[in-house]
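For reference, the structure discussed in these notes is given below.
For the single chain, residues carry numbers from 1 onward in sequence order. Worth knowing before you read on, the calculation uses all heavy atoms, side chains too, and leaves out hydrogens, waters and symmetry mates.
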Amino acid sequence: MGTRSDDSRPFGYRLTIWLVRPLLMALTRRDWAGAEHLPTEGGWVVCTNHTSYLDPLAFAHFMVDHGRAPRFLGKNEVFRVPVVGAVLRSADQIPVYRESGRAVDAYRAAVEAVRAGKCVAIYPEGTLTRDPGLWPMRGKTGAARVALETRCPVVPVATWGPHELLAPYAKRLRLFPRRTMHVRAGAPVRLDDLYGRPVTAELLAEATDRILDAITAELEVVRGEKAPAQRFDPGREGVTRTGRPRHLRDAS
């Protein structure tokens, strides 16, 4: 990992920053912490929690303000939206084909990006958390797979505040009073003791749990409270991982 990290910004990236950052500066307050943990050399993975569709904006704002240009893994449906999809593709973002045979394409693209010295942003939960208290829920193994394959640093980041602008699965923004976007990065997750071992389901679960534990620890600092002792598991609770949860549909 001796090469300089690629913080280049393709046209779509620069266009998005030019359009969106002034709005975020005007409409939100910022509480940034932990930027000293962001690598300056080589490719790496950055992982954060997910409570609102606006999370990527606050998270990207933090990263861009500290000179980083992450490549996001995002669900393919967004890439099919007119104009938005074109901008995402021109910004060198990575589509994820969830629950399909093409899911491996995102993994390969992420590995390639890391090996090219880029920062790849992955939401290990794969979707908005189902946890009633908005703590990180049980994750998927994509981030762990990329990290173990490339042996790159994995930086955990806690994001908190976008849900106050746009609640999970809500359609109405709550712009006033101005909300504070809290983003806090932690020290890279220790995974080196897992390198070289057979990639089993148990190994991937261990690496994924470490990543989510680190994110949760940073979120506890931001929120000033302890997370539940047991991480929310949609499968155990009989909750689907995608789509609007039943209790929110019933409340609509």
Side-chain angles (χ1 to χ4, degrees), residues 5-10 12-40 44-74 78 84 87-88 91-93 118-125 128-129 131 133-136 153-189 211-212 214-225 227:
S5 179
D6 174 19
D7 293 323
S8 63
R9 299 174 183 179
Y13 220 118
R14 288 182 279 113
L15 175 63
T16 302
I17 293 171
W18 182 76
L19 291 173
V20 177
R21 190 173 183 275
L23 290 174
L24 296 176
M25 293 293 292
L27 297 174
T28 66
R29 297 186 175 91
R30 289 147 300 285
D31 174 29
W32 300 157
E36 66 274 12
H37 297 300
L38 305 181
T40 58
W44 50 293
V45 169
V46 59
C47 294
T48 187
N49 58 305
H50 204 0
T51 64
S52 168
Y53 289 137
L54 296 184
D55 286 336
L57 295 182
F59 175 59
H61 191 180
F62 168 80
M63 297 291 286
V64 167
D65 276 6
H66 292 100
R68 306 298 190 273
R71 269 57 175 185
F72 283 87
L73 269 69
V78 180
V84 173
V87 171
L88 290 174
D92 196 22
Q93 304 304 290
K118 299 177 182 179
C119 168
V120 175
I122 300 177
Y123 286 88
E125 297 164 274
L128 298 180
T129 182
D131 183 90
L134 299 184
W135 292 100
V154 180
V155 176
V157 173
T159 303
W160 189 246
H163 66 287
E164 295 182 340
L165 272 173
L166 184 67
Y169 301 99
K171 298 180 180 179
R172 181 182 303 174
L173 287 169
R174 296 177 294 185
L175 297 177
F176 302 103
R178 275 207 306 170
R179 318 286 179 168
T180 299
M181 303 295 103
H182 305 271
V183 182
R184 178 185 177 89
V189 181
I211 293 169
L212 285 165
I215 294 171
T216 302
E218 298 302 325
L219 188 57
E220 287 178 333
V221 174
V222 171
R223 293 177 58 167
E225 56 184 315

Shortest non-hydrogen separation from [X] to [Y] and the atoms involved:
| X | Y | result |
| --- | --- | --- |
| V64 | R9 | O-NH2, 3.5 Å |
| A227 | E220 | N-OE2, 2.8 Å |
| A167 | R174 | CB-NH2, 3.9 Å |
| A35 | H66 | CB-CD2, 3.2 Å |

Taking [Y]'s backbone N and O only, do any of them form a donor-acceptor pair with [X]'s side chain (distance below 3.5 Å, no angle check)?
| X | Y | answer |
| --- | --- | --- |
| D131 | P136 | no |
| E218 | V157 | no |
| R30 | T28 | yes |
| R184 | V221 | no |
| D65 | F62 | no |

To the nearest 0.5 angstrom, please state how far the [atom1] atom of [X] sits from the [atom2] atom of [Y].
| X | Y | atom1 | atom2 | result |
| --- | --- | --- | --- | --- |
| R21 | L23 | CZ | CG | 11.5 Å |
| L24 | L19 | CG | CG | 11.0 Å |
| I215 | L219 | CD1 | CG | 9.0 Å |
| E164 | R178 | CD | CZ | 13.5 Å |
| H163 | D55 | NE2 | CG | 9.5 Å |
| L54 | L166 | CG | CG | 4.5 Å |

Do [X] and [Y] have side chains that approach each other closer than 4.5 Å (heavy atoms only, starting at C-beta)?
| X | Y | value |
| --- | --- | --- |
| V155 | P188 | yes |
| R29 | P177 | no |
| L57 | P162 | no |
| L73 | V120 | yes |
| L128 | Y53 | yes |
| V183 | H61 | no |
| E125 | L212 | yes |
| N49 | T129 | no |

> Is it true that the NZ or CZ of R223 lies under 6.0 Å from the centre of W135's six-membered ring and within 45 degrees of the ring axis?
Replying inline: yes

> What class does the angle between the rings of F72 and F59 fall in, given that below 30° is parallel, 30 to 60° is tilted and above 60° is perpendicular?
Replying inline: perpendicular

>> Run the side-chain contact (heavy atoms from CB on, under 4.5 Å) test on W44 and V154 for me, step by step, so that the C-alpha distance in whole Å, both residues' side-chain angles and the decisive distance to 0.1 Å come before the verdict.
In response: CA-CA 6 Å; W44 50 293; V154 180; over 6 Å; no

